[in-house]
Q: 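Shown below is the structure under consideration.
Values below: every heavy atom of this structure, side chains too, minus hydrogens, waters and symmetry copies. Small disclaimer: the values here were computed from a predicted structure and weren't measured. Below, chains carry the letters A, B, ... as their sequence lines are ordered, and counting in each starts from 1.
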Amino acid sequence: MEGPYQHEASDSAYQFTKAAIAKGHEILRVFFYQDGVLNSNKLMDPQADDRHIRKQWSALAIENNIDFIVCVAAAKRRGINDTVIAEGFKIGGLGMLTELAIEADRLVTFRA
Amino acid sequence: MEGPYQHEASDSAYQFTKAAIAKGHEILRVFFYQDGVLNSNKLMDPQADDRHIRKQWSALAIENNIDFIVCVAAAKRRGINDTVIAEGFKIGGLGMLTELAIEADRLVTFRA
Amino acid sequence: MLHLVNKSPFESMSFEDCLKYAAKGSSILLYEDGIYGAMPGSAIADRMASVTSDYKVYVLKEDMMLRGVDKIMDGITEVDYAGFVGLVEENKTASW
Amino acid sequence: MLHLVNKSPFESMSFEDCLKYAAKGSSILLYEDGIYGAMPGSAIADRMASVTSDYKVYVLKEDMMLRGVDKIMDGITEVDYAGFVGLVEENKTASW
Amino acid sequence: MAKLMVVFRTAPYGGIYSFEGLENVLIMGAYDQDVSVLFIDDGVLAIKKGMDNSSTGIKDFSPTFRALEAYDIEKIYIDRASMEVRGVSLEDLVIEPEVIEADAVEKMMEEQKNFFIF
Amino acid sequence: MAKLMVVFRTAPYGGIYSFEGLENVLIMGAYDQDVSVLFIDDGVLAIKKGMDNSSTGIKDFSPTFRALEAYDIEKIYIDRASMEVRGVSLEDLVIEPEVIEADAVEKMMEEQKNFFIF
């Protein structure tokens with residue numbers, strides 16, 4: 001996944017997740033890796049007339065009690081750690097993506 | 001410019017700047033915008049066997065006393081502010097890129 | 001199989017790459033900058049017409065609206081995000 | 001003018017886009033994934049041979065080494081980062 | 001006054017490039033420079049009419065393009081072939097750039113003090 | 001044991017995709033799954049011999065690709081046409097994948113529980 005604002009991937013992933021929930025699907029997990037980890041940064045502060053991508057995600061995670069995992073290796077490389085990670089997101093290992101691939105009926109990747 | 005680690009643009013820009021200094025050129029300014037602002041994050045903590053892109057930049061800025069400007073609007077959108085910005089980098093407005101375009105004999109952009 | 005293409009066909013090979021591997025009869029959803037491939041009257045319109053005879057081609061309505069693209073070629077089906085989810089229900093998904 | 005191309009010509013149109021606008025006789029530097037365009041024996045080798053007769057084509061040595069590309073086509077010149085700086089001294093630069 | 005140019009060559013919204021390009025045009029205008037704007041390749045799609053962000057909330061920058069003349073930015077050009085390849089005509093656009101041919105592009109770039117491609 | 005596959009389709013180093021793909025292969029191996037690896041399009045360039053990062057310091061992942069068999073990952077495939085287009089032959093590669101044709105790709109994907117394209 002690519003970074004929020006830089007590419008549309010974060011917006012598309014958010015809209016898709018919201019639509020899947022609206023249709024009654026269970027979302028096992030949203031896994032953020034590569035530049036996608038930047039979605040979790042609580043310091044994100046876009047212009048007032050633009051959408052706030054991080055807040056959109058946090059609200060979705062909390063309202064629907066979904067597991068949002070931020071890949072630890074990708075996060076460290078990009079300066080994302082516990083001090084800046086927002087509510088609704090948890091740091092986890094890449095193995096949690098493999099677990100998702102083992103368990104999930106469907107897996108959709110939003111890439112640049 | 002694209003984000004460090006995600007794309008090679010940050011590495012290329014660093015190698016080019018270093019080579020230009022080695023040839024005796026004066027670097028008026030390095031301007032970080034779009035995902036390039038992520039180069040300035042002092043929380044960046046890559047694996048031990050990989051290069052540390054932010055530290056490379058900080059050392060280059062300090063040793064050569066170069067102006068490294070991080071675009072404020074791009075930075076805020078991506079969660080980069082004074083609390084996470086590393087030594088050698090300063091936050092500045094997009095106008096400083098226009099000033100560079102007005103003053104510099106040569107301007108090179110490293111994009112994805 | 002559902003193939004997702006999100007790059008402009010005028011700038012990236014990902015649409016053509018996808019077609020090399022996609023089995024005839026499978027589904028292709030154009031979204032993000034991929035939606036430009038659905039515009040009528042472009043230089044790739046003939047190519048797209050032949051693709052629509054071999055594949056089920058869909059285009060994401062929300063990304064068309066955002067980009068001011070309101071006409072699409074015959075043989076391509078508009079879906080919204082709910083329709084996108086529906087396609088994923090029915091198919092494994094490859095992101096190109 | 002110096003034109004910088006950093007995308008693989010097998011995946012992106014940026015090399016061909018650049019050629020549409022670049023005046024004959026100007027310089028093109030292939031770097032990052034752009035260096036793959038300099039490999040001999042590829043499907044675009046004939047195209048590249050005709051480009052080298054109209055333009056001065058350079059390829060960045062450091063990016064070749066990183067990618068394990070050690071052979072380049074006749075008519076293309078290898079430069080290192082110091083050579084890249086030299087090309088920028090002599091030319092305004094367009095990043096595609 | 002320096003001659004500066006911003007070239008748009010990527011599709012809007014998939015990447016942030018056209019948004020950032022537009023921000024740069026406005027800043028250059030505020031610095032009172034001799035600014036040119038050029039649309040080539042997928043950049044011609046950045047000024048399509050009828051953009052509607054109501055279903056995604058992604059910031060729509062069409063109104064800002066429409067306001068360029070109000071910022072005294074009047075040297076606006078578009079590449080004919082790039083429009084034709086995409087089936088786009090001047091009536092489809094929110095502004096009316098002057099149509100140029102591809103071989104004029106490098107000359108325009110050379111005339112600038114500096115330029116940016118987005 | 002789930003059938004999982006990682007597909008490499010982008011050039012190395014310009015983007016982080018092939019590096020992340022490789023990390024995923026290793027993790028899947030550690031979870032003791034039935035892992036396949038497939039190289040198509042520019043992905044065939046990710047396993048070229050002779051990579052040398054001494055002048056840039058960018059992490060070279062060739063040694064890890066060479067070690068895949070040691071991790072019991074033995075189902076490794078490569079698309080013939082993708083090699084031909086790039087003038088790459090098996091002797092140019094650090095590992096020796098089984099050569100397949102393009103029309104086998106979607107079938108291989110369908111057989112998996114899930115797969116990733118990098």
Q: Side chain from CB out, backbone as N, CA, C, O: work out which of these in E:Glu101 comes under 4.5 Å of a heavy atom of chain D, or both, or neither.
A: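 Interface part for E:Glu101: neither.
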Q: I need the minimum non-hydrogen distance between E:Glu110 and D:Met1, along with the two atoms involved.
A: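 Nearest heavy atoms, E:Glu110 then D:Met1: OE2-N, 3.1 Å.
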Q: Tell me, side chain or backbone of E:Thr10 under 4.5 Å from chain D's heavy atoms, or both, or neither?
A: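 E:Thr10 has no heavy atom closer than 4.5 Å to chain D.
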Q: Give a yes or no on whether D:Lys61 atom NZ has more than 12 heavy-atom contacts from other residues, nucleotides or ligands under 6.0 Å away.
A: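 Open: at most 12 neighbouring heavy atoms sit under 6.0 Å from NZ of D:Lys61.
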Q: If we ignore hydrogens and angles and just use 3.5 Å, is the side chain of D:Lys20 paired with the main-chain N or O of E:Ala81 as donor and acceptor?
A: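 Answer holds: no.
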Q: Is it the backbone or the side chain of E:Asp79 that comes under 4.5 Å from a heavy atom of chain D, or both, or neither?
A: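 Interface part for E:Asp79: side chain.
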Q: Looking at side-chain heavy atoms only, is the closest gap between D:Trp96 and E:Asp41 below 4.5 Å?
A: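 Yes; the side chains approach each other to less than 4.5 Å.
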Q: If every non-hydrogen atom of E:Ile117 is compared with every non-hydrogen atom of D:Ala94, which pair is closest and at what distance?
A: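 In terms of heavy atoms, the two residues are closest at CD1-CB, 3.8 Å.
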Q: Pick from E:Asn114, E:Ile40, E:Val105: which one has the most heavy-atom pairs with chain D under 4.5 Å?
A: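 Most heavy-atom pairs under 4.5 Å with chain D: E:Ile40.
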Q: What pair of heavy atoms forms the shortest contact from D:Tyr21 to E:Ser82, and how long is it?
A: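 Smallest interatomic distance, heavy atoms only, reads OH-OG, 3.1 Å.
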Q: Looking only at heavy atoms, what is the nearest atom pair of E:Glu106 and D:Ala23, with distance?
A: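 Closest approach of E:Glu106 to D:Ala23: OE1-N, 2.7 Å.
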Q: Side chain from CB out, backbone as N, CA, C, O: work out which of these in D:Thr93 comes under 4.5 Å of a heavy atom of chain E, or both, or neither.
A: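 D:Thr93 touches chain E through backbone heavy atoms alone.
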Q: Taking CD in E:Glu96 as the centre, count heavy atoms belonging to other residues, nucleotides or ligands within less than 6.0 Å. Is the count above 12?
A: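 Check fails, neighbour count at 12 or below.
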Q: Measure the CD-NZ distance between E:Glu111 and D:Lys92 for me, rounded to the nearest 0.5 Å.
A: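 Going from CD on E:Glu111 over to NZ on D:Lys92, the span is 8.5 Å.
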